[in-house]
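Count residues from 1 along the sequence. Note that this is a predicted model, so its numbers are computed, not measured.
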Amino acid sequence: RGSEGAFEALLQGGIAACLPAQTEFLPYPLPRSVAEKAEDPALRHLKPVMAVNRGLYEILAARHRAGRFPILIGGDHSVVMASLAALAGKVGADNLALIYIDGHTDINTERSSVTGYIHGMPLAAAMGLCTDALTVGNKINLYGKNTYILGAHSIDPGEYPILEAQGVHLFAPEALEGAGWEKILAGILRETAGKAIHVSFDVDSITGAEFPATGYAMEGGLHFETVAAMLKMLWQLPTLASFDCVEYNPTRDRDGECLKKLLRIFRSFSESG
């Protein structure tokens, strides 16, 4: 709870001044809570989570068709299902590459998940490994070989065999710190040349000591300056096609310092052109 307020907090904080003048802001009204008579503990809050994702998918797909660049802000990381389905609908799974900056790998299925929370399953769902109940739009079958997870260090035991079987590229925080991130990103960009790139950024990729305003603030992780530098480089890619910023929880940002950090990240987008 709390991450649903991220967009409004950024809007009130002045994000409009940090983005290009032609940016459209499209607040997404959350659907009314849907009571589930017998909730499946393996897929918690399935109906409202999928209602949001399917609604977002329609909006994002329309923006892609209109030649726009969608930025999806707020909520938990389950919303990447909508982002990936919308972009895949435009370019096809073969031509889609994902750069996933997150403290977690989010590749559980409903069978491997310990908690049953869907925000830990979106990559497995996009790869077609989960129940059809988690399908958004048409099945896209995201390729593991085109999936790059940067900064993950909280990984469930059941996720390791999935990561290996799918051929997902995983880079730990310690490999990215210092000058490591520049070499790693350069390699990723060589491997994904010609593909449309979706960047999905979860603020819990940043060490909790520097960014506590999230539901899963953790020790370890990436330094804010490292994440900001990576995103500034990615903003400048001509093949960047869409972007997510998720898991910011303004109710845990008591002094507003995390909001300032996010606004700085978005300002670098405008400055990069």
Side-chain angles (χ1 to χ4, degrees), residues 3 6-7 10 28 49 52-53 56-57 59-61 63-64 69-91 93 95-108 117-127 134 136-137 140 142-155 159 163 166 168-171 173 176 181 184-185 188-189 192 195-206 211 214-216 221-222 226-228 230-235 237 239-248 262 265-266 268-269:
S3 63
F7 177 80
L10 282 162
Y28 181 74
V49 168
V52 168
N53 267 283
L56 288 172
Y57 163 76
I59 295 171
L60 294 168
R63 303 326 290 158
H64 279 300
F69 178 94
I71 298 174
L72 181 57
I73 296 172
D76 65 47
H77 220 157
S78 66
V79 296
V80 73
M81 292 190 288
S83 289
L84 291 172
L87 181 55
K90 178 182 180 182
V91 303
N95 298 312
L96 188 160
L98 171 64
I99 297 178
Y100 203 76
I101 303 173
D102 198 324
H104 306 86
T105 50
D106 293 346
I107 202 166
N108 272 302
Y117 284 120
I118 296 169
H119 63 77
M121 307 178 195
L123 295 192
M127 291 176 184
L134 296 186
V136 179
I140 64 170
L142 173 72
Y143 290 109
K145 65 181 181 180
N146 294 334
T147 301
Y148 301 81
I149 302 177
L150 280 60
H153 58 101
S154 177
I155 304 171
E159 293 180 289
L163 290 162
Q166 297 302 310
V168 173
H169 307 273
L170 178 63
F171 299 93
L176 292 157
W181 69 266
I184 287 170
L185 273 188
I188 292 172
L189 298 181
T192 59
K195 297 186 186 298
I197 293 176
H198 177 71
V199 172
S200 199
F201 164 50
D202 187 326
V203 300
D204 74 18
S205 59
I206 304 170
F211 202 103
T214 183
Y216 287 89
L222 295 165
T226 300
V227 172
M230 288 195 299
L231 290 174
K232 187 171 185 177
M233 178 180 174
L234 292 169
W235 281 136
L237 296 178
T239 51
L240 183 62
S242 51
F243 179 82
D244 304 320
C245 176
V246 302
E247 301 280 3
Y248 168 54
L262 283 183
I265 285 173
F266 280 106
S268 72
F269 180 32

Practice prompt. Grab the two heavy atoms, one from Ile140 and one from Ala126, that are nearest each other, plus how far apart they are.
Written response: CG1-O, 3.3 Å
Practice prompt. State, yes or no, whether a side-chain contact exists between Ile265 and Phe201 at a heavy-atom distance under 4.5 Å.
Written response: yes
Worksheet item: Does Ala82 offer a backbone N or O that forms a donor-acceptor pair with the side chain of Asn53 under 3.5 Å?
Response: yes
Discussion item. In the structure I gave you, are the side-chain heavy atoms of Thr147 and Gln166 within less than 4.5 Å of one another anywhere?
Written reply: no
Discussion item. Does Lys195 form a side chain to side chain contact (heavy atoms under 4.5 Å, CB included) with Leu96? I'd like the steps, not just the answer.
Written reply: CA-CA 5 Å; Lys195 297 186 186 298; Leu96 188 160; over 6 Å; no
Practice prompt. Could you label the plane-to-plane angle of the Tyr100 and His77 rings as parallel, tilted or perpendicular, counting under 30° as parallel and over 60° as perpendicular?
Written response: parallel
Worksheet item: To the nearest 0.5 Å, how far apart are CD1 in Ile149 and NE2 in His169?
Response: 10.5 Å
Worksheet item: Could you state the interatomic distance from CG (Leu170) to CG (Leu163), rounded to the nearest 0.5 Å?
Response: 6.0 Å
Worksheet item: Is any side-chain heavy atom of Ile73 less than 4.5 Å from a side-chain heavy atom of Tyr248?
Response: no
Discussion item. Do Val80 and Val246 have side chains that approach each other closer than 4.5 Å (heavy atoms only, starting at C-beta)?
Written reply: no
Worksheet item: Between CG of Leu10 and CZ of Phe266, what distance do you get to the nearest 0.5 Å?
Response: 6.0 Å
Response to the item:
Test side-chain contact (heavy atoms from CB on, under 4.5 Å), reference Leu237, set Leu189, Val199, Thr192, output is Leu189
Worksheet item: Does any non-hydrogen side-chain atom of Ser83 lie less than 4.5 Å from one of Leu60?
Response: yes
Fill in: Any side-chain heavy-atom pair of Tyr28 and Leu72 under 4.5 Å
no
Worksheet item: Donor-acceptor pair, Asp204 side chain versus Gly103 backbone, under 3.5 Å?
Response: yes
Worksheet item: Hey, which of Leu87, Ile197, Asn146, Leu142 is the one that makes side-chain contact (heavy atoms from CB on, under 4.5 Å) with Leu98?
Response: Leu142
Worksheet entry | Centroid-centroid distance, Phe243 to Trp235, less than 6.0 Å | yes
Discussion item. Less than 4.5 Å apart, side chain to side chain, heavy atoms only: is that true for Met230 and Leu222?
Written reply: yes
Practice prompt. Grab the two heavy atoms, one from Leu234 and one from Leu240, that are nearest each other, plus how far apart they are.
Written response: O-CD2, 3.4 Å
Item to complete: Check whether any side-chain heavy atom of Thr214 lies under 4.5 Å from a side-chain heavy atom of Ile206, and answer yes or no.
Response: no
Item to complete: Taking Glu159 for its side chain and Ile107 for its backbone only, find out whether a donor-acceptor pair lies under 3.5 Å.
Response: yes
Fill in: Set of residues satisfying side-chain hydrogen bond (donor to acceptor under 3.5 Å, both in side chains) with respect to Ser205, sequence neighbours excluded
none
Discussion item. Between His153 (side chain only) and His104 (backbone N and O only), is there a donor and an acceptor less than 3.5 Å apart?
Written reply: no
